[in-house]
J.: 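Here it is: the structure, laid out below.
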Amino acid sequence: MSKYIVRKAERLCGAVKISGSKNSALPIIAASMLAEGETVLYNVPRLTDIENMCGIIRCLGGSCQWSNDELHISFRKPKTYIAPYELVTKFRASFLLIAPMLIRVGKVQIPLPGGCPIGARPIDLHLKGFTALGAKITQGHGFIEAKARKLCGTRIYLDFPSVGATENIMIASVMAEGETVIENAATEPEISDLADFLVKMGGKIQGAGTDRIVIEGVSRLKAVSHKIIPDRIEAGTYLTAGVMCRSDITVEDVIPEHIKPVMAKFSEMGIEVFENENSVRIISPSKFRHTDIKTLPFPGFPTDMQSQFTALMSVAEGTSLIVETVFENRFLHIPELSRMGAKIKVDGRTAIVDGTKTLTGAKVKASDLRGGASLVLAGLVAEGETEIDCIEHIERGYENFGEKLRSLGADIIKIQ
Ligand code: UD1
């Protein structure tokens, strides 16, 4: 197991290039299995979740090859319909392979997916969607089996605008017979990126990015090349590090529109935010005000930025309220931040954070991806040394995290 050792950073400065979005790349890699021929993807981050997704596709009979920074994917002849347990259980998005397997093979057996332990994370909405499209779902001990001779378009109302369920249903219905309407669909930028990709391939999709997506099934999809959108959460994380370290930093290769909710909060806190076409710069004063946040589906404040903001609020002036409405168990980082001197009380899905002047370095443990990142950010402003264990969680979602932070002037090393 690897660790990060982080020491207090004086000030960060400079610019950091943001990688492609993991959460966009994963469904797009899955959807590539539908193409006739070889798909080429650009700006795919080299992360363990991506490698594991490619690993599963290879086991199923496809090919996923890196050529410099391009990912080449093709799925000509299926080898098996059983997805490998060891890889599927490592991350949640492995479930996105159900849709392409149903279309290409007509059958798939997949263990229940893994991922961060931030809540129960049921899959009922995904299954409801597949059933409505005509698939037969059976649940065994720890696995799901889905079968379908053909999928037929239908109207599906999601009880919650689930990102994964919207993506899975979009992929499943793009080659279904007739029209599918997804109501109360997720509107995250990753949904629009997937729709753009499917439309390039020849899919007929309207309304992606709104809560009503209409998909007219087509019989063939061609292989295309596509550039993955920038990772809005990675960008938000570096900006938060910059704010915490009272710095002047810029994130480059971003779509500022996607990080609006985060920038709005920075402005409320008294931080200067400069938005350019492809970059965002922040200048953080020596003191900044507290703010309240409530996580919501896009365009609300992203749940994936909540942990980093908890670390930020713990060194702001005043008391902040953080309400997590998306996942029921997403405060796993709080006991660890408390070890470092953060003053946080938790009541159900609400955390009350009393800003303090100093945090102190301690031995802490990452228990999930974004929670782990929040500990690194806290380490950058804590007195002394912070040792962060179980960083494999962090490396599931941040490409070259240590290197990028070091390029901004942070004192962080990785110990294998
Ligand atoms: C995706 C992101 C994750 C982000 C989340 C919310 C990927 C790979 N991951 O996760 O980083 O935190 O969106 O923005 O893109 N739910 C159900 N039944 C279902 C599906 C979901 O009740 O069938 C619930 C979940 O338990 C959760 C809420 O819906 O409380 C949101 O989950 P969802 O939007 O599905 O998140 P993911 O797609 O898993």
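As the structure lists them, so they are numbered: ligands from 1, and atoms in each ligand from 1.
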J.: Below 3.5 Å, N or O to N or O, backbone or side chain included: is there any such pair between Leu125 and ligand 1?
T.: yes
J.: Are the side chains of Ile123 and Arg92 in contact, using a 4.5 Å heavy-atom criterion?
T.: yes
J.: Just checking, is any N or O donor in the side chain of Glu252 or Ser279 under 3.5 Å from an acceptor N or O on the other one?
T.: no
J.: Who's closest to atom 28 (C) of ligand 1 heavy-atom-wise, of Phe91, Phe160, Phe298, Phe95?
T.: Phe160
J.: Would you mind running through ligand 1 and noting each atom that sits below 4.0 Å from a heavy atom of Val326?
T.: 27 (C), 28 (C), 30 (O), 31 (C)
J.: State if Pro122 counts as touching ligand 1 under the rule of any non-hydrogen atom under 4.0 Å.
T.: yes
J.: Sort and list the pairs that fulfil side chain to side chain donor-acceptor pair (under 3.5 Å) and have at least one residue in residues 187-201, not counting sequence neighbours.
T.: Ser24-Asp193, Glu190-Arg232, Asp193-His226, Lys200-His226
J.: Could you say whether the N/O atoms of Val163 and ligand 1 ever approach to under 3.5 Å?
T.: yes
J.: Can any side-chain N or O of Gln109 pair as donor or acceptor with the backbone N or O of Glu145 at less than 3.5 Å?
T.: no
J.: Atoms of ligand 1 less than 4.0 Å from Asp304 heavy atoms?
T.: 3 (C), 4 (C), 11 (O), 12 (O)
J.: Which residue pairs satisfy the side chain to side chain donor-acceptor pair (under 3.5 Å) criterion with at least one member in residues 207-220, sequence neighbours excluded?
T.: Glu36-Arg220
J.: Specify side chain, backbone, both or neither for Ser162, according to which of its non-hydrogen atoms lie closer than 4.0 Å to ligand 1.
T.: both
J.: Would you check if the distance from the ring center of Phe301 to the ring center of Phe309 is below 6.0 Å?
T.: yes
J.: Salt bridge between Lys365 and Glu387, side-chain N to carboxylate O under 4.0 Å?
T.: no
J.: Using a 4.0 Å cut-off to any heavy atom of Arg330, which atoms of ligand 1 qualify?
T.: 12 (O)
J.: State the atoms of ligand 1, each with its element, that fall below the 4.0 Å cut-off from a heavy-atom position in Gly164.
T.: 35 (O), 38 (O)
J.: Any donor-acceptor pair under 3.5 Å linking the side chain of Glu403 with the backbone of Glu399?
T.: no
J.: Would you mind listing which atoms of ligand 1 come within a distance below 4.0 Å of any non-hydrogen atom of Asn23?
T.: 2 (C), 3 (C), 7 (C), 8 (C), 9 (N), 11 (O), 15 (O)
J.: Would you call Arg92 a ligand 1 contact, heavy-atom distance under 4.0 Å?
T.: yes
J.: I need the contact type for Glu167 against ligand 1. Using non-hydrogen atoms and a strict under-4.0 Å cut-off, is it side chain, backbone, both or neither?
T.: neither
J.: Does a salt bridge link Arg281 with Glu272, judged by any charged N lying under 4.0 Å from a carboxylate O?
T.: no
J.: Heavy atoms only, cut-off 4.0 Å: how does Thr303 contact ligand 1, side chain, backbone, both, or neither?
T.: side chain
